[in-house]
Amino acid sequence: MDTITFGILTISDTCAKDNAKDKSGEELMQLVTNRNDEIGKILKGKILKREIIPDNEIDIMRTLQEWADNLEVNVILTTGGTGFSQRDVTPEATKKIIDKEAPGISLRMLTTSLTITPLAMLSRAVCGIRGKTLIINLPGSPKAVRECLSAIAIAIPHAVDLILDNKSKVANVHTKIQDSPVHNHSCTHRNKNNSNVSLDLKDIANRLRESPYPMISMKDVANILNSYNWSGENEFVDLWKCRGRILADDIYARCDLPPFRASIKDGYAVIASDSKGKRLVYGGLEAGHMPGKMKLRNGYCVRVNTGAPIPDEATAVVQVEDTKLLKKHSDGREEMEIEILVEPKEGQDIRPIGSDIKEGKLILQRHTRIGAVEMGILAACGHTKVQVTKLPTIGVLSTGNELQQAGEEPKPGHIYDSNKITLIMLLQEYGYNSTDMGIAIDDENVMINTIRDAIQHVDVLITTGSVSMGDRDMLKPILKQIFNATIHFGRVNMKPGKPTTFATFEFNGVTKYFLCLPGNPVSATVTAHLFAIPLLHRLSGNNVKPTIVQARLTCSYKLDPRPEYARAILEWSSDAAIPLAHSTGNQISSKLTSCKSANALLMLPGANSECSEMKEGDIVQAMLIGAYL
Ligand code: AMP
Ligand code: MG
């Protein structure tokens, strides 16, 4: 190879703000092109691209993708972002867009750097190949850049030759996938069985124009989701931490409640058969004290507080309001004699032992969701640790080239990602914590690598976007072909959310679940309620069912051919048997404000020849949505 083309990419928040600070990028330009330098002599480099970008994973992925795919530079050298600080994400971004790793190059850099400084241990550089481009992460300091590049320079021309040759060989061994919704191929990947498969997402003209997945009903969806269950794994959690969790086992009372005969009133413990009239006051018993040797005899009474134990001989408690003071002790402060004004009845105002809860009695059934009151019952019965179901681990991933993180400088043609925060918070409202898996751009490698990474960490991956009919909607073919996942459904007869997809896949003996929701924010939110929450309930052993009520429409609805879930605010009033359903406005699926304040999804039936409209005053079913239903 006579000349090698290079892209030099500096990745640093600081340098992106002040380009003059980019010493490493400058150093690399010199090293690669200076034919008087040892490294330059070997590399014979020509710079095709040079850029400085901040430590932003998506920007890094996009730049690497663009330089490799469109410019086809031979080598991209990145500098910066390989360390341990929170913003250092160069290796993560690189890993997601490469086809193959080239660990030998990173190893060579590492071993060389370690002979100079032990701190080289902290470098996480990744090297690999995307298409015809070799991508090498270098550290951020000019000195380290020189050391690392000089350690690997000798191999770069050879590596470039191999990559260019290899590409043509690899192209001949592509395996054609026959049963896929897309044909032809544009790049090869290793699937679960470690064989090469290819995905062709670039044959746009010949792509299918209708989804190959059968349209299934919501009833079938329910049957499919209900066929999954809690794995049976459980764990003990501290009483104070079990809120929102699901009991893995039945819970029995460890003690009687009350554990002693207790007074229900502030008053006097008496022998009921003494009837009303005078009593000498034997003394007082406060809550938290036991009667000890105190014995109650006829004609006497003992002053007691609510919740105090009463002497064994007492057969009734008379409330203080039904008594009168007759005589005080000489100090003038203590009672000596009182009068009982109302005839006491046997057992009056005494809680017998175990009258609230009997020791050994079943107090909470397995699969109960633990809320505030359940925690109180557990505490009252002496439980400090609770056996609960192990919750599935969940990841939430947004997909789309157009997405930006909130807070970033707005870019042309982009929108802020609203799905991820909505979904993560919605799941949390139902008691499910999830991990932010970031944004995957619409690139096969990024999607595949992101999913590969995700399944190492989570049981359930919930994605939004990339399941419709667009030429960049690649999730279904990727799941099917690369992961050999079983797609249980890929099209549902409902609105909004028709392309919602559910797939499972066995990974190291564990089932992984993929719930791929459409990208439109309303569709994502509605399908999260209708598909994600029920699936998570199943996997957590939570037997709760959705609450469906009847509601009266306050406006008319033109029915869609598909059953529709319209967002509404139900209003209950004391003078109407059924709540009024107020529409949240325009129901277009991009308009997230139509979900604002909604506490129900109206279950509008699909239009048919007899009925194409629901009128104001009509009654429909409505599924309640919101926290902790
Ligand atoms: P898709 O399902 O990927 O075809 O996307 C459908 C629509 O939803 C497009 O207008 C996207 O820009 C939008 N969209 C996709 N993902 C998101 C997201 N995470 N946040 C906000 N809008 C999104
Ligand atoms: Mg998309």
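Numbers here are sequence positions counted from 1. All ligand and atom numbering here is 1-based and tracks the order in the structure.
Scanning the protein for heavy atoms near atom 17 (C) of ligand 1, the closest one is N419 ND2, 3.3 Å. Among all protein heavy atoms, the one lying closest to atom 21 (C) of ligand 1 is S418 OG, 3.4 Å. Taking atom 2 (O) of ligand 1 as the reference point, the nearest protein heavy-atom neighbour is G519 N, 2.9 Å. Residue, atom and distance of the protein heavy atom nearest to atom 12 (O) of ligand 1 are E402 OE2, 2.5 Å. Of all protein heavy atoms, the one lying nearest to atom 19 (N) of ligand 1 is D417 OD1, 2.7 Å.
Only the side chain of I415 comes within 4.0 Å of ligand 1, judged by heavy-atom distances. Residue V467 does not touch ligand 1, judged by heavy-atom distances below 4.0 Å.
Salt-bridge check for E66 with K49: failed, with every basic side-chain N at 4.0 Å or more from each acidic carboxylate O. By the 4.0 Å N-to-carboxylate-O rule, K495 lies close enough to D560 to be salt-bridged with it. D69 has a carboxylate O that lies under 4.0 Å from a charged side-chain N of R130, or vice versa, which qualifies the two as a salt bridge.
For the side-chain hydrogen bond (donor to acceptor under 3.5 Å, both in side chains) test with E506, the passing option among T511, T486, N484 is T511; the others fail.
In the vicinity of P521, heavy-atom distances shorter than 4.0 Å reach the ligand 1 atoms 21 (C), 22 (N). Within ligand 1, counting atoms from 1 as listed, the ones closer than 4.0 Å to a heavy atom of S468 are 2 (O), 4 (O). Short contacts between ligand 1 and N520, defined as distances under 4.0 Å to a heavy atom of the residue, involve ligand atoms 6 (C), 7 (C), 8 (O). Counting atoms of ligand 1 from 1 in the listed order, those under 4.0 Å from a heavy atom of Y416 are 20 (N), 21 (C). Shown in contact with S398 at under 4.0 Å from a heavy atom are these atoms of ligand 1, numbered in order with element: 19 (N).
Taking a 4.0 Å cut-off on heavy atoms, S466 registers as neighbouring ligand 1. Residue contact annotation: K420 has no non-hydrogen atom under 4.0 Å from ligand 1.
Between the side chains of S217 and N493, no donor N or O sits under 3.5 Å from an acceptor N or O.
Between F502 and Y513, the angle of the ring planes stays under 30°, which puts this pair in the parallel group of the 30/60° scheme. The aromatic rings of H529 and Y430 stand perpendicular to each other, their planes meeting at an angle above 60°, with 30° marking the opposite boundary.
Taking OG1 of T525 as the start and CG of L517 as the end, the distance is 9.0 Å to the nearest 0.5 Å.
For Y432 and H537, the gap between ring centers is short of 6.0 Å.
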